[in-house]
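These values consider heavy atoms only, across backbone and side chains, with no hydrogens, waters or symmetry-generated copies. Being a predicted model, the structure only gives us computed values, none of them experimental.
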Amino acid sequence: MCGRNYIAIRVLEDFFKYHNVPLESLHLPNKSCRAHRVVFNSVPYYASRISKDQYLPCGGKPLEKNFTHISYSLSLLSDPQVIGNIIRNPVIKLDYKCIYPYIRRISLPFPIVPFSSETVMRVDELDATIEMMLYTDRSYTKAYSTAPTIELRDKVYVEVTVTEPADFFLLRINECWATQSPQPNTTEGLFHTLLLNGCVKDQTVSFLNVSVGQSGRNGESSTIRYSFDMFRFTSEPHDLYLHCTVQLCEPDDHKSCTPNCNSISKREAVRADPTQGLLSYGPIRIEMPDRPQSSILSTVVLPVAAVWTVGFFLIILITVAKAGSRRLAQTEEH
């Protein structure tokens with residue numbers, strides 16, 4: 001039985017009883033991966049079910065890969081039943097295989113929904129599709145469907161994941177940087193480095209664990225999530241374009257996917273490496289806070305007008321006062 005995330009075998013209990021093989025003696029090549037008894041529709045079976053993450057630790061054979069498929073091969077074994085110094089009952093070995101097809105997809109730079117970036121990489125004659133998306137919050141449940149607009153200092157939530165084949169390769173982000181231009185290696189305009197050689201360069205960057213949303217690590221699974229604080233460049237245009245180089249590793253090659261953050265070199269141009277890919281996302285727009293706009297009317301015209309108005313009323317008051325004084329003098333003379 002071959003599921004998306006598991007590999008299993010199920011055999012009638014009667015088969016093993018016929019061969020005098022007890023359940024306790026059944027296991028995968030790694031004896032710590034034991035079989036168990038299950039009942040379906042009132043029929044008992046001896047079964048083994050493991051996740052793809054357990055495939056290699058449980059003794060899975062080297063993966064068989066070609067242009068269109070990936071094959072997982074395992075064996076269910078029984079321990080020999082020793083009686084004195086002889087073995088009378090046969091040792092059971094059941095080989096089984098799960099073959100997963102790979103569906104080739106055309107890379108789309110900016111799909112309409114959700115807003116994302118994709119690239120196709122080839123590793124050992126196997127194509128893999130990697131996707132980068134931005135999400136609205138830490139829960140990573142809602143991706144932006146249009147170019148996102150984010151306020152300064154708000155968190156930007158990034159996810160890079162291997163979508164085809166799912167849950168197979170390990171993924172490592174080597175470098176991420178932001179530019180003012182859609183071209184990742186342009187020499188025009190400003191750029192800002194977020195990740196360098198798989199390590200944090202911008203101190204606001206945090207890797208997030210995919211399963212529990214806590215601190216995570218780069219290169220430990222087929223999905224990487226990280227966040228950084230939104231910023232803008234000092235000169236226009238203020239829109240950002242995010243670029244990341246990624247590397248794929250075999251499921252058991254954790255060493256190649258683990259960044260060494262003890263020494264970091266200067267950023268280099270992206271090289272044409274068959275095991276690395278480049279993802280670009282954007283634009284990411286800046287939401288600028290509303291600010292009162294200064295104008296000639298408020299800064300020059302209105303103050304001058306106020307001065308002239310006050311002066312006009314003072315002249316009227318002085319004129320009225322003088323006229324009153326003259327009338328008073330004329331009245332006293334008569």
Side-chain angles (χ1 to χ4, degrees), residues 5 30 32 50-63 65 70 72 117-133 135 138 140 156-178 184 192-228 242-279 281:
N5 297 312
N30 184 336
S32 65
I50 62 170
S51 66
K52 289 183 180 179
D53 292 337
Q54 296 173 297
Y55 173 75
L56 292 173
C58 284
K61 297 177 182 179
L63 294 170
K65 296 172 288 184
I70 306 172
Y72 293 75
S117 173
E118 279 188 351
T119 188
V120 177
M121 296 171 56
R122 171 162 290 190
V123 180
D124 295 335
E125 297 186 352
L126 177 67
D127 284 352
T129 303
I130 302 98
E131 183 178 61
M132 179 165 64
M133 292 192 294
Y135 286 79
R138 188 185 182 91
Y140 283 87
V156 181
Y157 295 97
V158 184
E159 179 183 86
V160 184
T161 185
V162 183
T163 58
E164 295 287 349
D167 302 320
F168 176 69
F169 288 109
L170 297 177
L171 176 66
R172 164 178 162 167
I173 301 177
N174 284 329
E175 184 179 359
C176 284
W177 68 99
H192 176 70
T193 302
L194 297 166
L195 298 172
L196 185 62
N197 293 342
C199 303
V200 171
K201 182 69 173 177
D202 182 314
Q203 294 305 311
T204 67
V205 172
S206 297
F207 287 100
L208 306 173
N209 191 294
V210 174
S211 57
V212 294
Q214 298 175 352
S215 297
R217 295 182 60 191
N218 186 6
E220 64 181 6
S221 70
S222 60
T223 298
I224 297 175
R225 291 173 176 173
Y226 74 91
S227 66
F228 64 90
L242 182 64
H243 314 280
C244 292
T245 58
V246 294
Q247 172 185 337
L248 294 178
C249 310
E250 297 288 346
D252 57 346
D253 190 12
H254 289 272
K255 184 177 180 180
S256 296
C257 267
T258 303
N260 180 9
C261 297
N262 294 327
S263 60
I264 298 178
S265 61
K266 293 182 179 180
R267 188 171 80 91
E268 299 176 353
V270 178
R271 294 184 176 89
D273 190 321
T275 60
Q276 293 196 28
L278 173 64
L279 292 156
Y281 183 106

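- Nearest heavy-atom pair across Tyr281 and Met132 is CB-CE, 3.6 Å.
- In this structure, Asn197 and Asn260 have side chains that are not in contact, with every pair of non-hydrogen atoms separated by 4.5 Å or more.
- Separating the NE2 atom in His192 from the NZ atom in Lys201 is a distance of 9.5 Å, to the nearest 0.5 Å.
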Using the rule given for side chain to side chain donor-acceptor pair (under 3.5 Å), can you reason through Ser51 versus Asp53, listing the C-alpha separation, both sets of side-chain angles and the distance that settles it, and then say yes or no? CA-CA 5 Å; Ser51 66; Asp53 292 337; 4.8 Å; no
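- Looking only at distances, a side-chain donor or acceptor of Asn30 sits under 3.5 Å from a matching main-chain atom of Ser32.
- Just one of Arg225, Arg217, Glu220 meets the side-chain contact (heavy atoms from CB on, under 4.5 Å) condition when paired with Asn209; it is Glu220.
- In terms of modelled atom types and a separation under 3.5 Å, the side chain of Trp177 and the main chain of Leu196 share no donor-acceptor contact.
- The minimum heavy-atom distance linking Cys257 with Arg172 is given by the pair O-CD, 3.6 Å.
- Tyr55 and Tyr72 have perpendicular rings, their planes meeting at more than 60° on a 0 to 90° scale where under 30° would count as parallel.
- Taking every heavy atom of both residues into account, Ser221 and Thr223 meet most closely at OG-O, 2.7 Å.
- If you take CZ on Phe228 and CG on Asp202, they are separated by 8.0 Å, rounding to the nearest 0.5 Å.
- The aromatic rings of Tyr135 and Tyr140 lie tilted to each other, with the angle between the two planes from 30° to 60°.
- For the pair Leu171 and Leu248, the minimum side-chain heavy-atom distance is below 4.5 Å.
- Counting all heavy atoms, side chain and backbone alike, Tyr226 lies closest to Cys176 at OH-SG, 3.3 Å.
- A heavy-atom distance below 4.5 Å is found between the side chains of Leu194 and Leu242.
- Taking CG from Leu208 and OG from Ser227, the interatomic distance works out to 5.0 Å, rounded to the nearest 0.5 Å.
- Between the CD atom of Gln247 and the CG atom of Asn218 there is a distance of 9.5 Å, given to the nearest 0.5 Å.
- With hydrogens and angles ignored, the 3.5 Å screen pairs no side-chain donor or acceptor of Thr129 with any backbone N or O of Thr163.
- Of the candidates Val156, Leu195, Thr193, Val205 forms a side-chain contact (heavy atoms from CB on, under 4.5 Å) with just one, namely Leu195.
- Nearest heavy-atom pair across Phe169 and Ser222 is O-CB, 3.1 Å.
- Interatomic distance, Cys199 SG to Asn174 CG, rounded to the nearest 0.5 Å: 9.5 Å.
- Nearest heavy atom pair, residue Gln54 against residue Ile50, reads OE1-CA, 3.4 Å.
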